[in-house]
Amino acid sequence: QVHLVESGGGPVQAGDSLRLSCLASGGFFVNYAVAWFRQAPGKEREFVASISRAEKIDYGDSVKGRFIISRDNAKTTSDLQMNNLKPEDTAVYYCAVRNSPISRSDGTLYDWWGQGTQVTVSS
């Protein structure tokens, strides 16, 4: 069982940057793929970014060039650096871990989820 806790969310202005962090406990973090998803009110969950055990990285189209995902296996953390934030980035952001070294953009393939952290971007 893996427990995930996100932190770093909050209210920001358009154009600002924000760094989210996900701390994992339990399991063998180094062996897992990690991803970030988000969900805005009234919308479906959206893939944001993922990083595999081998550190293969993928991004959703809406965040490419602005967001950066990373992982630190020694600290069992994953960070999501979000730059040039836009009002449409407003959502609850979730960290997810997959019991596999291979990352995917399909959230149904992830086994453990954090409770989420709210990011609100005002114009």
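Quick caveat: nothing in here was measured; it's all calculated off a predicted structure. We use all heavy atoms of the structure for the numbers below, so side chains are in, but hydrogens, waters and symmetry mates are not.
Although no hydrogens or angles enter the test, the distance criterion places no donor-acceptor pair under 3.5 Å between the side chain of Ser122 and the main chain of Gln13. Using modelled atom types, no side-chain atom of Arg98 and backbone atom of Ala33 make a donor-acceptor pair closer than 3.5 Å. Under the 3.5 Å distance criterion, the side-chain polar atoms of Glu6 are matched with a main-chain donor or acceptor of Gln115.
In terms of heavy atoms, Gly9 sits closest to Leu20 at N-CD2, 3.5 Å. What you find for Ser50 and Tyr110 is that their closest heavy atoms are CB-OH, 3.9 Å. The shortest non-hydrogen separation linking Gln118 to Ala91 is NE2-O, 3.4 Å.
Residues Trp112 and Tyr32 bring their aromatic ring centres within 6.0 Å.
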Trace of the side-chain contact (heavy atoms from CB on, under 4.5 Å) decision for Ile102 with Ser52: CA-CA 5 Å; Ile102 301 172; Ser52 72; 5.7 Å; no
Criterion side-chain contact (heavy atoms from CB on, under 4.5 Å) on Cys95 and Val34, from CA distance to verdict: CA-CA 7 Å; Cys95 172; Val34 183; 4.1 Å; yes
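To the nearest 0.5 angstrom, Lys86 atom NZ is 13.5 Å from Ser123 atom OG. Between Phe28 atom CZ and Thr76 atom OG1 the span is 12.5 Å, to the nearest 0.5 Å. For the atom pair Ser103 OG and Ile57 CD1, the distance stands at 9.0 Å (nearest 0.5 Å).
When the side chains of ILVMFWY residues are joined at heavy-atom separations under 4.5 Å, either directly or via intervening members, Val5 and Val2 end up in two distinct hydrophobic clusters. Both Val12 and Phe67 belong to a single network of hydrophobic side chains, linked directly or stepwise wherever heavy atoms of I, L, V, M, F, W or Y lie under 4.5 Å apart. Hydrophobic clustering (ILVMFWY, side-chain heavy atoms < 4.5 Å, transitive): Leu4 and Leu23 are in distinct clusters. Linking ILVMFWY side-chain heavy atoms closer than 4.5 Å, directly or via other members, places Val30 and Ile69 in two distinct hydrophobic clusters. One hydrophobic cluster holds both Val92 and Trp113 under the rule that ILVMFWY side chains link at heavy-atom gaps under 4.5 Å.
Between Arg38 and Val63, the closest side-chain pair of non-hydrogen atoms falls below 4.5 Å. At least one side-chain heavy atom of Asn83 sits less than 4.5 Å from a side-chain heavy atom of Ser17. Counting only heavy atoms from C-beta outward, the side chains of Thr117 and Ser7 never approach each other to under 4.5 Å. Contact of the Asp58 side chain with the Ser105 side chain is not registered, since no non-hydrogen atoms from C-beta on lie closer than 4.5 Å.
Tested against Phe37, the residues Tyr93, Phe47, Tyr94 include a single ring pair (Phe, Tyr, Trp, His ring centres under 6.0 Å) partner, Phe47.
No side-chain donor from either of Arg45 and Gln39 sits under 3.5 Å from a side-chain acceptor of the other. There is no side-chain donor-acceptor pair under 3.5 Å between Gln81 and Asp79. Counting only N and O atoms by type, the side chains of Glu88 and Ser62 include no donor and acceptor under 3.5 Å apart.
The salt bridge (charged side-chain N to carboxylate O under 4.0 Å, His left out) pairs that include a residue from residues 62-72 are Asp61-Lys64, Arg66-Asp89, where partners are two or more places apart or lie in different chains.
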